[in-house]
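Working notes, structure below.
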Number of protein chains: 2
Amino acid sequence: MTSPARKPSRIQTENRQRIRDAALGLFATHGFRGTTLDQIADACGMHKPNLIYYYDSKEAIHIDLLNTLMEEWLSPLDAMNAEGDPLEEIIGYIRRKMEMSRLYPRESRLFANEIVQGAPRMLPHLESTLKPLFDRQCGIIAKWMKDGKIAEMHPAHLIFSIWAVTQHYADFEAQIAVLLPGDDKRARGADQFVEMMFRKVLTP
Amino acid sequence: MTSPARKPSRIQTENRQRIRDAALGLFATHGFRGTTLDQIADACGMHKPNLIYYYDSKEAIHIDLLNTLMEEWLSPLDAMNAEGDPLEEIIGYIRRKMEMSRLYPRESRLFANEIVQGAPRMLPHLESTLKPLFDRQCGIIAKWMKDGKIAEMHPAHLIFSIWAVTQHYADFEAQIAVLLPGDDKRARGADQFVEMMFRKVLTP
DNA sequence: CAAGTTTTTTACCATTTGGTAAAGTTACGA
DNA sequence: TCGTAACTTTACCAAATGGTAAAAAACTTG
């Protein structure tokens with residue numbers, strides 16, 4: 001996309017990473033339209049035309065970010081293993097999601113922004129990448145339920161609720177910080193609550 | 001703000017409503033910066049300077065929307081009554097939140113956008129309006145728990161999880177539509193799932 | 001170290017966008 | 001029905017913004 005078709009140099013790899021890192025924070029908090037090239041340039045100590053040297057356009061940065069992070073973002077779901085203990089597999093997935101909310105709130109908000117706005121740049125990716133994975137993992141969960149290992153319920157809605165609750169802590173942090181001050185205890189309280197909640201829901 | 005201090009005329013009331021209605025949809029899906037005055041003008045069949053006649057600036061429209069809708073948005077939480085049956089009060093609240101997600105997805109997304117971006121225009125309002133209400137209702141829930149009417153857990157996190165799950169259906173609809181096609185059955189399935197889930201969590 | 005290639009910087013441009021000035025039109029009370 | 005105040009429209013502007021051209025600088029390699 002950016003260069004015809006050549007192996008990227010060291011400087012290229014480095015600087016694209018710098019750009020992505022700066023853009024991630026800005027897109028996550030101001031959205032695509034709310035972020036300017038000048039802001040990105042500023043945040044990574046480059047000049048605007050230099051960005052365009054590495055990425056064809058502002059949109060190209062955004063798209064690259066979404067694509068790059070998508071895989072990483074979905075890996076915990078993929079890691080849920082049909083052979084493991086059902087309850088512990090799902091709880092393990094929830095723990096990893098909570099951890100990601102804490103460690104990578106920018107990524108969470110980037111996706112939140114994109115989806116809230118109708119996923120204009122990600123719909124095809126959702127169809128082609130997320131959907132098959134989602135259906136597969138729903139199938140695994142459904143089987144666990146049929147085997148009586150966990151309580152029966154709609155697998156898709158179960159996953160939605162896991163996403164909703166775990167990502168809420170990253171996406172709505174501004175609100176949570178107002179309502180539940182005291183940063184230190186919050187994360188542990190959240191982890192404990194969410195695990196307790198889903199254990200209770202999933203226990204047959 | 002807009003006019004010194006006079007009772008609004010019929011035309012004024014009408015047109016401000018038209019502007020708010022158009023702006024609500026646009027701000028909800030494109031965010032504040034992603035929405036232009038021209039788009040709003042177009043959407044409500046007015047000309048740009050006419051908007052500025054009714055609202056001092058684009059930001060004034062946004063702020064008015066947030067303030068106008070905040071109260072309405074929080075009313076279900078306020079309606080949770082300490083004298084009622086604890087489990088049914090909370091389930092009733094959840095039902096109302098699900099209904100609002102279905103009937104007013106634009107409002108939900110407007111707030112989601114605002115909070116994800118750090119609530120730049122709403123933080124004071126959260127402090128002054130939401131926080132007291134939140135603390136009060138947390139207190140009611142805590143008492144219900146102490147009395148053994150519902151299972152014990154952290155009331156604040158319980159409310160967060162209710163918000164997360166119910167609003168998820170409005171805010172992430174684009175994703176849900178891809179993963180769970182078939183519009184008609186979805187809403188009922190969601191309602192049933194969410195009610196089942198929280199009943200299970202809350203039952204002592 | 002010289003020639004060529006990659007990267008950075010400066011100067012610039014066209015379009016978009018939030019907003020204004022002021023003339024024109026409509027509604028409405030006396 | 002007439003005058004005035006409320007409302008609408010046209011024409012316009014300054015700043016911001018995404019992006020380009022091309023020269024300058026730095027790096028790579030024979």
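So that the names make sense, note that chain A is the first sequence line, chain B the second, and so on, each numbered from 1. Hydrogens, waters and symmetry mates play no part in the numbers below; they use all other heavy atoms, side chains included.
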For this session: Please check the phosphate of dG19(C) (OP1 and OP2 only) for any side-chain N or O of Tyr55(B) closer than 4.0 Å.
Result: no
Seminar exercise, completed: Taking dT17(C), dC7(D), dG19(D) as options, the one with an atom nearest any side-chain atom of Ile52(A) is dG19(D)
Exercise. Are Asp21(B) and Arg16(B) ion-paired here, with the side-chain N under 4.0 Å from a carboxylate O?
Worked result: no
Problem set entry | Within the 6.0 Å centroid threshold, strictly below: Phe172(A) and Phe111(B) | no
For this session: Could you tell me the separation between the CD1 atom of Ile40(B) and the P atom of dG18(C), rounded to a whole number of Å?
Result: 8 Å
For this session: Tell me whether the guanidinium CZ or amine NZ of Arg121(A) lies under 6.0 angstrom from the six-membered ring centre of Phe32(A) and within 45° of its axis.
Result: yes
Seminar exercise, completed: Atom CG of Asp38(B) and atom C1' of dG18(C) are separated, to the nearest Å, by 9 Å
For this session: Write down the distance between NE2 (His47(A)) and P (dA11(C)), rounded to a whole number of angstrom.
Result: 11 Å
Seminar exercise, completed: To the nearest angstrom, the CD1-P distance between Ile61(A) and dT17(D) comes to 15 Å
Exercise. So, Lys146(A) side chain and Glu152(A) main chain: donor-acceptor pair closer than 3.5 Å or not?
Worked result: no
Seminar exercise, completed: The nucleotide from dG18(D), dT7(C), dT10(D) with an atom nearest the side chain of Pro49(B) is dT10(D)
Exercise. Leu51(B) CG to dT10(D) P: how many Å, rounded?
Worked result: 15 Å
Exercise. What nucleotide, of dC7(D), dT7(C), dG18(D), holds the atom closest to the side chain of Gln12(A)?
Worked result: dT7(C)
Exercise. Which of residues 20-33 of chain A have a heavy atom under 4.0 Å from DNA chain C?
Worked result: Arg33(A)
Exercise. On a plain distance test, is the side chain of Lys58(A) in donor-acceptor contact with the base of dG19(D) below 3.5 Å?
Worked result: no
Exercise. Considering heavy-atom distances to DNA chain C, does Thr36(B) or Arg18(A) have its closest nucleotide positioned more toward the 5' end?
Worked result: Arg18(A)
Exercise. Would you say Lys58(B)'s side chain and Thr35(B)'s backbone share a donor-acceptor pair under 3.5 angstrom?
Worked result: yes
For this session: Would you kindly compare Arg10(A) and Met46(B) by the position of their nearest DNA chain D nucleotide and give the one closer to the 5′ end?
Result: Met46(B)
Seminar exercise, completed: Rounded to whole Å, CD1 of Ile11(B) lies from P of dG29(C) at a distance of 11 Å
Problem set entry | Given dT9(D), dG19(C), dG19(D), the nucleotide with the shortest approach to the side chain of Lys48(A) | dG19(D)
For this session: Send over the distance from Glu14(A) CD to dT8(C) C1', rounded to a whole Å.
Result: 15 Å
Problem set entry | Partner of Leu24(A) by side-chain contact (heavy atoms from CB on, under 4.5 Å), out of Ile61(A), Thr68(A), Leu69(A), Thr29(A) | Leu69(A)
Exercise. Out of dT9(D), dT17(D), dA6(D), which has the shortest distance to the side chain of Tyr53(B)?
Worked result: dA6(D)
Exercise. Closer than 4.0 Å, any side-chain N/O of Asn50(B) to the OP1 or OP2 of dT10(D)?
Worked result: no
Exercise. Just checking, any donor-acceptor pair under 3.5 angstrom between side chains of Arg20(B) and Tyr55(B)?
Worked result: yes
Problem set entry | Distance test, side-chain N/O of Asn15(A) to OP1/OP2 of dT8(C), below 4.0 Å | yes
Exercise. Tyr53(B) and His47(B): side-chain donor and acceptor closer than 3.5 Å?
Worked result: no
Exercise. How close or far is atom P of dA14(D) from atom CG of Leu37(B), stated in whole angstroms?
Worked result: 19 Å
